[in-house]
Amino acid sequence: MKAHFKCRNGLYPGSAVQRAVVPDEKVCWSVEWPEYKPVPYTSPKATNQPWADPDLSEPSFKPTWNQLDGDVNRKSFTGEYAIAEKAPLNPVGRTGIVGRGLLGRWGPNHAADPIVTKWKRDASGIIATSGGKKILQVVLIQRRDCGEWAIPGGMVDPGENVSRTLKREFMEEALDSLTKSDEEKSKLEKQLNSFFAGGDVLYRGYVDDPRNTDNSWMETVAMNFHDETGEIIDAVPLTAGDDAVGVTWRDLSSSQPLYASHSSLLETVARKFDAFW
């Protein structure tokens with residue numbers, strides 16, 4: 001498994017908490033490092049919330065690790081993770097922080113990322129090219145918390161099917177469905193039901209997310225939903241909502257900086273279609 005970088009050696013997001021420095025050669029748990037002293041941090045924003053686990057010291061909190069714990073999925077796509085001092089250990093290695101940080105769950109926090117694409121076309125409908133390859137466009141949102149551009153997506157609710165999460169998150173962040181009337185939302189659902197019924201799984205696994213800690217980390221299912229003609233998605237105007245402050249179509253390009261490991265996901269899409277990157 002590749003090492004993580006975005007969750008090491010810097011300030012923890014949304015805080016003044018400095019992570020303990022973790023050199024590349026000390027990331028893996030298999031490397032002995034008795035001097036390692038990670039900083040404990042669980043954000044007040046993730047404390048006493050209905051969507052968050054309690055502290056591990058809470059007597060009534062008895063999670064079942066590495067399996068389905070009621071409606072909460074504590075399984076990891078990476079395989080079985082280790083438990084040390086009653087806490088799950090990040091399967092990729094050290095991050096310089098212990099606790100949950102901003103994340104809701106101890107162990108894996110499951111998300112879903114819908115990658116919605118279409119071909120870039122000129123006014124006459126001809127697909128644009130660059131360097132002899134066709135250009136794909138993708139829907140990106142600008143995150144409210146950090147201002148970075150990202151694939152729209154979010155957390156899988158307990159007991160929720162991932163396919164439902166993918167459509168729900170796209171509607172909330174890229175179509176602002178949370179502010180629409182029941183009638184408007186129902187219309188959107190009907191327009192997108194068949195589109196989101198398909199899709200190709202591009203990735204299931206660990207995410208190098210800046211919110212990760214030694215004990216809590218992000219994992220995702222990323223799926224590509226491609227509109228070959230552009231007619232389906234162009235019929236639903238993009239409007240930023242929920243955790244997004246902006247939304248747009250962007251050309252797939254290696255020069256586009258993105259949140260977490262989203263660039264690698266889009267590179268996978270470009271390879272899939274043999275498109276410009």
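Start at 1 with the first residue, then count along the sequence.
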Nearest 0.5 Å, please: how far is [atom2] in [Y] from [atom1] in [X]?
X	Y	atom1	atom2	answer
L252	E267	CG	CD	10.0 Å
L175	E173	CG	CD	10.5 Å
T129	K134	OG1	NZ	10.5 Å
T117	F273	OG1	CZ	4.5 Å
L136	R250	CG	CZ	15.5 Å
E219	T78	CD	OG1	5.5 Å

Students often mix this up, so state it plainly: with edges at 30° and 60°, are the rings of W217 and Y81 parallel, tilted or perpendicular?
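The arrangement is perpendicular - the two ring planes meet at more than 60°.
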
Side-chain donor or acceptor of [X] paired with backbone N/O of [Y] under 3.5 Å:
X	Y	value
D208	F5	yes
H4	P210	no
H262	I151	yes
H110	K75	yes
Q137	K118	no
W277	T268	no
D227	I232	yes
N9	V22	yes
Q256	D251	no
T213	G99	yes

Using atom types as modelled, flag every donor-acceptor pair under 3.5 Å from a side chain in residues 239-249 to any protein atom, sequence neighbours excluded.
none

Can you confirm whether R105 sits close enough to P158 that some side-chain heavy atom of one is under 4.5 Å from a side-chain heavy atom of the other?
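They are in contact (side-chain heavy atoms under 4.5 Å apart), so the answer is yes.
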
Tell me the closest heavy-atom pair linking [X] and [Y], and the distance in Å.
X	Y	value
A46	W51	CA-CH2, 3.8 Å
S15	Y41	CB-OH, 3.5 Å
A174	V139	CB-CG1, 4.1 Å
P152	P114	O-CD, 2.7 Å
S264	S261	OG-O, 2.7 Å
I83	P88	CD1-CA, 3.6 Å

Could you see if [X] belongs to whatever hydrophobic cluster contains [Y]? Use Ile, Leu, Val, Met, Phe, Trp, Tyr and a side-chain cutoff under 4.5 Å.
X	Y	result
V162	M171	yes
W106	L89	no
I141	L238	yes
V269	I135	no
V27	V98	no

Between [X] and [Y], a side-chain donor and acceptor under 3.5 Å:
X	Y	value
D122	S124	yes
Y259	D209	yes
N109	S216	no
N212	T95	no

Atom [atom1] of [X] with >12 non-hydrogen neighbours under 6.0 angstrom:
X	atom1	value
K26	NZ	yes
E80	CD	no
E58	CD	yes

Start with the C-alpha distance between L140 and L258, add both sets of side-chain angles, then the distance that settles side chain to side chain contact (heavy atoms under 4.5 Å, CB included), and finish with yes or no.
CA-CA 9 Å; L140 296 179; L258 294 175; 3.7 Å; yes

Side chain to side chain contact (heavy atoms under 4.5 Å, CB included), that's the test. Do V116 and V138 meet it? Break it down for me.
CA-CA 6 Å; V116 175; V138 63; 5.8 Å; no

Any carboxylate oxygen within less than 4.0 angstrom of a Lys/Arg side-chain nitrogen, looking at R100 and D53?
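Between D53 and R100 there is no salt bridge, as every charged N stays at least 4.0 Å from the carboxylate O atoms.
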
Does a salt bridge link R168 with D157, judged by any charged N lying under 4.0 Å from a carboxylate O?
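Yes, R168 and D157 are salt-bridged.
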
Return a table of donor-acceptor pairs under 3.5 angstrom between the side chains of residues 193-205 and protein atoms on other chains or two or more places apart.
{"unit_1": "N193", "atom_1": "OD1", "unit_2": "K167", "atom_2": "NZ", "d": "2.4"}
{"unit_1": "N193", "atom_1": "ND2", "unit_2": "E189", "atom_2": "O", "d": "3.2"}
{"unit_1": "D200", "atom_1": "OD2", "unit_2": "K272", "atom_2": "NZ", "d": "2.8"}
{"unit_1": "Y203", "atom_1": "OH", "unit_2": "Y206", "atom_2": "N", "d": "3.1"}
{"unit_1": "Y203", "atom_1": "OH", "unit_2": "Y206", "atom_2": "O", "d": "2.5"}

Going through the checks in order, is the side chain to side chain contact (heavy atoms under 4.5 Å, CB included) test met by L192 and I233?
CA-CA 8 Å; L192 295 174; I233 295 301; 4.1 Å; yes

Please table the atom pairs, donor to acceptor, closer than 3.5 Å between any side-chain atom in residues 30-39 and protein atoms at least two apart or in another chain.
{"unit_1": "Y36", "atom_1": "OH", "unit_2": "G96", "atom_2": "N", "d": "3.0"}
{"unit_1": "Y36", "atom_1": "OH", "unit_2": "D214", "atom_2": "OD1", "d": "3.3"}
{"unit_1": "Y36", "atom_1": "OH", "unit_2": "D214", "atom_2": "OD2", "d": "2.7"}

Determine whether F170 and F225 satisfy the following criterion, side chain to side chain contact (heavy atoms under 4.5 Å, CB included), listing intermediate values before the conclusion.
CA-CA 11 Å; F170 184 81; F225 300 91; over 6 Å; no

